[in-house]
Amino acid sequence: MAWTLHHAHRWDVSVPEAIRIQEQLAPLVREEPLPAAPTLVAGVDMSVRQQRVQAAVVVLRLPDLTVVDQAIWRGPVDFPYVPGLLSFREVPAVIAALERLQARPDVILADAQGRAHPRRLGLASHLGVLLDLPTVGVAKSRLVGTHEPPGPEKGATAPLFHGEELVGMVVRTRASVRPVFVSVGHRITLDQAVALTLACTTRYRLPEPTRLAHLASRRAAGPNQEA
DNA sequence: GCGACAG
DNA sequence: ATCTTGTCGC
């Protein structure tokens with residue numbers, strides 16, 4: 001599937017240049033209601049091994065969460081992991097994997113932050129702006145912000161603040177299990193992002209789209225033969 | 001100056 | 001993220 005990139009830019013940049021690009025794209029992020037109830041939800045993730053990346057994307061249909069499409073892309077790693085600049089390491093590979101899809105998802109869930117980022121442009125937001133598609137960030141841990149612990153029951157939430165700004169929600173997707181950090185990626189409201197995350201969650205901590213994408217990327221990396 | 005720090 | 005097996009708890 002061909003994707004039109006909006007506000008495209010170079011990826012082979014220095015850290016200062018990457019930060020500058022984030023500052024230019026952040027104002028383009030739109031927190032607004034979805035145009036319609038989503039049917040096709042994609043999850044994206046990536047694994048790295050031996051200087052190679054395996055990006056995976058899995059598309060599921062709501063409300064049954066049936067897998068309707070998926071794709072894998074392998075390539076070289078060319079940007080280091082730098083806290084705050086994760087998108088420069090993963091987005092190129094994720095877009096390459098998305099190009100291999102047959103289906104067009106209505107929204108994408110990423111295993112990362114959206115607006116809950118120092119410059120309000122986490123990987124989910126960066127991806128959303130480039131594709132001009134609704135995206136949600138569902139991270140396993142906190143990058144920025146403070147919060148109270150959400151209740152122990154499934155579905156409990158607590159606001160995540162960065163200074164005075166509400167940048168996300170800490171969501172308990174499973175009873176008595178460490179919560180996840182949900183934030184708006186692009187073209188969705190925080191409430192919808194949380195509702196969608198819960199609608200995609202079954203018996204595991206992570207919602208099915210990203211959980212399955214994670215499994216797919218690691219299967220693509222192959223079994224550990226080293227060490 | 002000293003920590004913190006998505007994956 | 002990745003290196004790594006079994007095990008304790010809900």
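These figures come from a predicted structure and were not determined experimentally. Computed over heavy atoms, backbone and side chain alike; hydrogens, waters and symmetry mates excluded.
- The aromatic rings of Phe79(A) and Phe88(A) sit tilted relative to each other, their planes meeting at an angle between 30° and 60°.
- Rounded to whole Å, atom C1' of dA1(C) lies 9 Å from atom OH of Tyr81(A).
- Counting heavy atoms from C-beta on, the side chains of Trp3(A) and Arg104(A) come closer than 4.5 Å.
- Residue Leu85(A) contributes atom CG, which lies 16 Å from atom P of dC5(B) at whole-angstrom precision.
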key: Leu206(A) vs Thr173(A), side chain to side chain contact (heavy atoms under 4.5 Å, CB included): CA-CA, chis, key distance, verdict   = CA-CA 7 Å; Leu206(A) 301 179; Thr173(A) 51; over 6 Å; no

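- Looking at heavy-atom distances under 4.0 Å, Ser176(A) makes no contact with the nucleic acid at all.
- Residue Ala112(A) is classed as a base contact, given a heavy-atom separation below 4.0 Å to a base.
- None of Gln54(A), His214(A), Arg218(A), Arg52(A) except one satisfies the side chain to side chain donor-acceptor pair (under 3.5 Å) rule with Ser47(A); the exception is Gln54(A).
- Under 4.0 angstrom from either OP1 or OP2 of dA6(B) there lies no side-chain N or O belonging to Lys140(A).
- When the nucleotides dG7(B), dT2(C), dA6(B) are ranked by their closest atom to the side chain of Ser47(A), dT2(C) comes out on top.
- Atoms CE (Met46(A)) and P (dA6(B)) sit 15 Å apart, rounded to a whole Å.
- His162(A) and Arg115(A) form no side-chain donor-acceptor contact under 3.5 Å, judged by distance and modelled atom types alone.
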message = side chain to side chain contact (heavy atoms under 4.5 Å, CB included) for Thr39(A) and Arg61(A)? Distances and angles first, verdict last.
response = CA-CA 6 Å; Thr39(A) 296; Arg61(A) 184 199 315 291; 3.9 Å; yes

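- Residue Gly137(A) is out of contact with every strand shown, counting any heavy-atom pair closer than 4.0 Å.
- Atom CG in Asp111(A) sits about 5 Å away from atom P in dG7(B), given to the nearest Å.
- Atoms CZ (Arg218(A)) and C1' (dT2(C)) sit 9 Å apart, rounded to a whole Å.
- Under a 4.0 Å N-O distance rule, the pair Arg20(A)/Glu17(A) does not qualify as a salt bridge.
- Rounded to an integer number of Å, the gap from Phe79(A) CZ to dA1(C) P is 19 Å.
- Nucleic acid contact class of His214(A) (heavy atoms, under 4.0 Å, all strands): sugar-phosphate only.
- Computed from coordinates, the Gln54(A) CD to dT2(C) P distance equals 9 Å when rounded to whole Å.
- Contact check of residues 148-156 of chain A against DNA chain B (heavy atom, cut-off under 4.0 Å) returns no residues at all.
- Distance, Arg174(A) CZ to dG9(C) P: 16 Å, rounded to whole Å.
- Here the side chain of Arg142(A) is nearest to one of dA4(B), dA6(B), dT2(C), namely dA4(B).
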